[in-house]
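Convention: sequence-line order gives letters A, B, ...; per-chain numbering from 1. In this text the structure is predicted, and so the values were computed from the model without any measurement.
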Number of protein chains: 2
Amino acid sequence: MRTLPHPATEAVRLDTVLTALADPLRRRIARQLSEGDAAQACGAFDLPVTKSTSTHHFRVLREAGVITQHYRGNKILNRLRADDLEDRFPGLLRAILLADGTNRHDPPQL
Amino acid sequence: MRTLPHPATEAVRLDTVLTALADPLRRRIARQLSEGDAAQACGAFDLPVTKSTSTHHFRVLREAGVITQHYRGNKILNRLRADDLEDRFPGLLRAILLADGTNRHDPPQL
DNA sequence: GTCGTACTACGAAGTGCGTCGTACAACTTT
DNA sequence: AAAGTTGTACGACGCACTTCGTAGTACGAC
């Protein structure tokens with residue numbers, strides 16, 4: 001069984017979280033995870049980039065501590081680390097996802 | 001009297017705000033503005049970079065809509081757009097500044 | 001075992017960002 | 001007027017990031 005490395009909650013840094021969520025594509029992934037089912041495979045996201053690029057963005061999110069990734073047979077299940085982030089940076093994830101929701105409709109935000 | 005352009009509150013975009021505040025130096029400026037006097041000149045910030053770089057970071061913050069800059073004689077007075085940001089993205093600035101405060105002591109965060 | 005699926009790894013190309021140095025402009029002080 | 005202070009403008013450099021294509025790995029289905 002393959003496994004992927006995740007940072008411990010205490011090791012999650014604000015810099016990397018903000019950098020990760022500054023990208024609209026990665027915010028889109030986080031939002032879909034927060035709205036839909038708890039765990040979704042990478043293929044469940046309809047992103048306007050190639051698979052390579054997609055893999056890259058998921059990795060950035062995982063290494064930043066925003067999501068977890070676990071192999072499940074053929075696929076990888078992605079989950080938002082909402083509780084961990086709430087412990088580490090209270091209110092941050094909620095504020096960003098909320099802001100994204102209100103902001104999303106003005107310009108054609110990707 | 002020289003003036004500097006600022007984005008309207010409605011024109012402030014989440015992308016640029018997050019990108020602006022993803023940089024520790026710029027977060028440091030925002031935090032000092034939020035803690036100290038309302039208006040502070042650029043020189044009041046003891047930043048470990050040259051004047052050119054400092055100017056660049058203040059500009060990024062202003063163009064993102066995070067601060068205002070107004071000429072006052074020789075200097076430029078900087079203010080945090082806390083109310084504007086609260087209107088546009090409720091809870092976001094507070095969460096980031098709070099997170100930065102709790103995060104600041106672990107590693108030698110610049 | 002062979003094929004299809006889901007995703008990764010690696011290298012390449014293009015772009016953007018942070019930093020700096022030098023030169024310059026506006027204002028204050030002397 | 002001359003000198004000092006405060007900050008800007010512009011160009012350059014190095015580094016990191018985004019994107020992609022190709023090749024490859026792991027797993028499930030046949």
Side-chain angles (χ1 to χ4, degrees), chain A residues 1-6 13-30 32-33 37 39-79 109-110, chain B residues 1-6 13-30 32-33 37 39-79 109-110:
Chain A
M1 184 66 137
R2 292 167 291 172
T3 60
L4 293 162
H6 297 80
R13 303 201 63 237
L14 181 59
D15 278 53
T16 48
V17 171
L18 287 181
T19 301
L21 293 176
D23 186 288
L25 214 73
R26 292 193 288 255
R27 231 160 37 231
R28 183 158 144 180
I29 294 172
Q32 179 168 336
L33 282 174
D37 292 343
Q40 301 179 47
C42 298
F45 298 78
D46 190 27
L47 304 175
V49 290
T50 64
K51 277 195 301 178
S52 316
T53 306
S54 187
T55 296
H56 163 71
H57 286 301
F58 277 101
R59 173 202 276 260
V60 170
L61 286 171
R62 172 172 50 80
E63 291 181 344
V66 178
I67 65 171
T68 61
Q69 296 193 288
H70 293 288
Y71 280 98
R72 184 83 164 196
N74 205 9
K75 310 179 178 181
I76 287 186
L77 292 186
N78 301 279
R79 281 176 234 262
Q109 178 140 340
L110 184 64
Chain B
M1 184 63 135
R2 292 168 291 172
T3 60
L4 293 162
H6 296 81
R13 302 200 64 237
L14 181 60
D15 277 52
T16 49
V17 171
L18 287 182
T19 301
L21 292 176
D23 186 287
L25 216 71
R26 292 193 287 257
R27 230 157 41 227
R28 184 159 143 179
I29 293 173
Q32 179 168 337
L33 282 174
D37 292 343
Q40 303 179 47
C42 298
F45 298 78
D46 190 27
L47 303 175
V49 289
T50 64
K51 278 195 301 177
S52 314
T53 306
S54 187
T55 294
H56 164 69
H57 286 302
F58 277 101
R59 173 201 276 259
V60 170
L61 285 171
R62 171 173 50 81
E63 291 182 345
V66 178
I67 65 171
T68 61
Q69 297 191 289
H70 293 289
Y71 281 99
R72 183 83 164 198
N74 206 10
K75 311 179 177 179
I76 286 188
L77 292 186
N78 301 279
R79 282 175 234 262
Q109 177 140 340
L110 186 66

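Look at Arg59(A) and you'll find a side-chain N or O under 4.0 angstrom from OP1 or OP2 of dA9(C). Taking 4.0 angstrom as the limit, Thr50(A) places none of its side-chain polar atoms (N or O) nearer than this to OP1 or OP2 of dT19(D). Taking side-chain N and O atoms only, Thr53(A) has a distance below 4.0 Å to OP1 or OP2 of dC20(D). Residue Arg26(B) places at least one side-chain N or O under 4.0 Å from the OP1 or OP2 atom of dG18(C). Here Thr55(A) reaches the OP1 or OP2 of dT8(C): one of its side-chain N or O atoms lies under 4.0 Å away. Under 4.0 angstrom from either OP1 or OP2 of dT8(C) there lies no side-chain N or O belonging to His56(A).
Taking 3.5 Å as the limit, the base of dT5(D) and the side chain of Asn74(B) contain a donor-acceptor pair of atoms between them. Residue Ser52(B) places a side-chain atom within donor-acceptor reach of the base of dG21(C), judged by atom type and a 3.5 Å distance cut-off alone.
Atom CD in Gln69(A) sits about 11 Å away from atom C1' in dT8(C), given to the nearest Å. For the pair Asp23(B) CG and dA16(D) P, the computed distance is 14 Å after rounding to whole Å. Distance NZ (Lys75(A)) to C1' (dC7(C)): 12 Å, rounded to an integer number of Å. Rounded to a whole Å, the OH atom of Tyr71(A) is 14 Å from the C1' atom of dT5(C). Spacing between atom CG of Leu61(B) and atom C1' of dC17(C) amounts to 14 Å, rounded to whole angstrom units. Here the P atom of nucleotide dT6(D) and the CZ atom of Arg2(B) are 13 Å apart, to the nearest Å. dA9(D) atom C1' lies 13 Å from atom CG of Leu4(B), rounded to whole Å.
Although no hydrogens or angles enter the test, the distance criterion places a donor-acceptor pair under 3.5 Å between the side chain of His6(A) and the main chain of Leu4(A).
No hydrogens or angles considered: a donor-acceptor pair under 3.5 Å links the side chains of Thr50(B) and Thr53(B). In summary, the side chains of Asn78(A) and Gln69(A) do present a donor paired with an acceptor at a separation below 3.5 Å, with no hydrogens or angles considered.
Between His57(B) and Leu25(B), the shortest heavy-atom contact is CD2-CD2, 3.4 Å.
For dC30(D), the paired nucleotide is dG1(C), the pair qualifying as Watson-Crick or G-U wobble because both relevant distances are below 3.5 Å.
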